[in-house]
Amino acid sequence: MIDILIIGSGGAGLTAALEAKKHTNNVTVVSKTYPTASQTSQAQGGINGVLGKNDDTIQNHIDDTLKSAHNIGDKETIEYMCKNSSETIKWLDDIGVPFSRDKNNNIAQRSLGGASHKRACYSSDYTGLKILHTLYDNCIKEGIEFINEHMLLNFIVEDNSVKGITALNIESSEVKQILAKSVIVASGGYGCLYSNYTTNSTATTGDGVHAALKAGCELANMEYIQFHPTALKDSCVLISESARGEGGYLVTKDEERFVDELLPRDVVARAIYQKIQDGEEVYLDLRHLGIEKIKETMPQEYDLALQFSNLKLDKDLIPIMPAAHYTMGGIKTDINGATNIKNLYAVGESSSNGVHGANRLGGNSLLEIITFGKRTAQTASKNIPNIEIEIKEYPILKKDTEFINSLFELPNEINFYDTKNSIGKLFYEKVGLYRDQDNLQSAQEQLRGYIAQLDNMGIDDKSKVYNTNLKEILEFYNLLYLGEAVIISALARKESRGAHYRVDQTSEDPRYEKLTILKNIENSMKMELI
């Protein structure tokens, strides 16, 4: 019997696994992909930590985070994360993360948007990737079990208590149940809702968030999607905030700067988007930094611009556009990662614990996943001796098996890949950086039209062996229903706050200093503000 089952092998999941392993040997990580392929690798710029330099203080970090959260962040959660930041950085340093160093051999720090001080510890511009690889190396060293290429389908829940999951074996198309005393969801966000307009990998499809909704979990703040200001035009490949943190400019074709590059991401992204909507091109200008500094501090960005745009950071203006980057909504949890279902926890981008509120502060995402990956695992481990799971075949296994088999029988009259791309464009234009009632309702109507056509969207590949066509239609289903959750939440918040900006309600309204909470009741999403 598995004591703690972790869904997802990104930074949050691997941190939780390492911490859980201190309390029990029966820890298993289930992942749709392989561990080093997770979205954590896209967190390039840095991880915040107050290390006693640059006159920075913990209170400064708390204040910056609360300001970015726009009065709907959870103060207790934010304070816990910020107060523990130096300990988090020390732990990462101790387990082998190769942080960049200053001339005194201390961990180097840089500025990121919305921060009052240089606070982001970094490893060149590979910070998330280096953290991820180091965590995985330590998991292997600790003998933690991994079940790769298994996609979460549903949580097994009886009497409001989780018993495990059902999952699709991608290699064989077989549905299996995996029982566990406690389950931690660390499966990432739902950024691929903005297909072709996102920096996210194609695997970021909200599998855990949708499964939690179906199981009866509350979702919070689904309307809050953060757009990164600088993605390469046309490809949406991320150019890290480190480029602006190191002194990069945002300019028009006339090389005129038009916004403070280190304002919060939502402000900068909207300024860029407005220029583009007005018919102007926007560029990232790093030429003044020189090749030596660029190669030292952002070698990955140099290679990405060259590979995907055939441009050189030290010689060319780099055409950019905002792209969906991070989802701040997700499974509602408390400070310990606990959901409203017993023994089911969530952490990282799949969760909403109040640490980001209406707008995530740059550098806080990596800090969150490490800090709360540990705390959630500690909490989940405490009750293990008192939990008993009946070993049997649960009814949902048969239901999910029948559902998977039915997908092979559907007619493929409408190509769901085309539909997914249409939804991406729809959301970027109508549920993106600028929103209003009419566009939100129009998007909702179109989305519901797509849902009504699902019985005509099948798969061409009828093989049971490594059927990626099957996996991708399941991901499409998750995005489709989470898309409706985003729109319902956006319609309910009749104001502008942080990353949610409505041109028909441009001010923050004190009446909406609340969370938008969604719950699935009798197969219908019910919304309330609390």
Distance alone, cut at 3.5 Å: any donor-acceptor contact between the side chains of [X] and [Y]?
{"X": "Asn421", "Y": "Ser195", "value": "yes"}
{"X": "Asn154", "Y": "Lys214", "value": "yes"}
{"X": "Thr516", "Y": "Glu223", "value": "yes"}
{"X": "Asp125", "Y": "Ser240", "value": "no"}
{"X": "His356", "Y": "Gln226", "value": "no"}

How many angstroms lie between [atom1] in [X] and [atom2] in [Y], if you round to the nearest 0.5 Å?
{"X": "Leu480", "Y": "Met457", "atom1": "CG", "atom2": "CE", "result": "7.0 Å"}
{"X": "Tyr224", "Y": "Ser352", "atom1": "OH", "atom2": "OG", "result": "10.5 Å"}
{"X": "Leu482", "Y": "Leu447", "atom1": "CG", "atom2": "CG", "result": "10.5 Å"}

Before we go on, tell me: are the rings of Tyr136 and Phe146 under 6.0 Å apart, centre to centre? yes
Aromatic contact, Tyr194 with Tyr428 (centres under 6.0 Å): no
For Asn148 and Pro35, the nearest pair of non-hydrogen atoms, with its separation, is OD1-CD, 3.7 Å
Give the minimum heavy-atom separation between Gly337 and Thr376, together with the two atoms involved. CA-OG1, 3.7 Å
Please tell me if the side chains of [X] and [Y] come closer than 4.5 Å, counting only heavy atoms from C-beta onward.
{"X": "Glu475", "Y": "Lys32", "result": "yes"}
{"X": "Thr33", "Y": "Ser38", "result": "no"}
{"X": "His133", "Y": "Tyr126", "result": "no"}

Sidechain-backbone polar pair: [X] side chain, [Y] backbone, donor-acceptor under 3.5 Å:
{"X": "Ser187", "Y": "Ile7", "result": "no"}
{"X": "Asn169", "Y": "Ser173", "result": "no"}
{"X": "Tyr197", "Y": "Glu429", "result": "no"}
{"X": "Asn84", "Y": "Tyr80", "result": "yes"}
{"X": "Arg493", "Y": "Lys514", "result": "yes"}
{"X": "Thr77", "Y": "Ile335", "result": "no"}
{"X": "Asn160", "Y": "Asn340", "result": "yes"}
{"X": "Asn467", "Y": "Asp461", "result": "yes"}

Evaluate Asn200 against Thr198 for side chain to side chain donor-acceptor pair (under 3.5 Å), listing each step before the verdict. CA-CA 5 Å; Asn200 285 230; Thr198 179; 3.1 Å; yes
Should we count NZ of Lys471 as having more than 12 external heavy atoms under 6.0 Å? yes
Can Glu368 and Arg360 be counted as an ion pair, charged N to O under 4.0 angstrom?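 So Glu368 does not pair with Arg360 through a salt bridge.
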Between Glu19 and Lys22, is the closest basic N to carboxylate O distance under 4.0 Å?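 Looking at Glu19 together with Lys22, the answer is yes, because their closest N to O distance falls below 4.0 Å.
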Start with the C-alpha distance between Phe227 and Tyr273, add both sets of side-chain angles, then the distance that settles ring-ring contact (aromatic ring centres under 6.0 Å, His included), and finish with yes or no. CA-CA 10 Å; Phe227 284 74; Tyr273 186 75; 8.0 Å; no
Listed pairs under 3.5 Å, donor-acceptor, residues 8-18 side chains, sequence neighbours left out:
| from | atom 1 | to | atom 2 | distance (Å) |
| --- | --- | --- | --- | --- |
| Ser9 | OG | Ser31 | OG | 2.8 |
| Thr15 | OG1 | Gly11 | O | 2.7 |

Pairs meeting criterion salt bridge (charged side-chain N to carboxylate O under 4.0 Å, His left out) with involvement of residues 158-174, two or more places apart: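 For residues 158-174, and leaving out neighbouring residues, the salt bridge (charged side-chain N to carboxylate O under 4.0 Å, His left out) pairs sorted by first residue read Glu158-Lys392.
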Name the residue from Ile370, Ile369, Leu366, Asn48 that meets the side-chain contact (heavy atoms from CB on, under 4.5 Å) definition with Thr88.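 So the option named by the test is Ile370.
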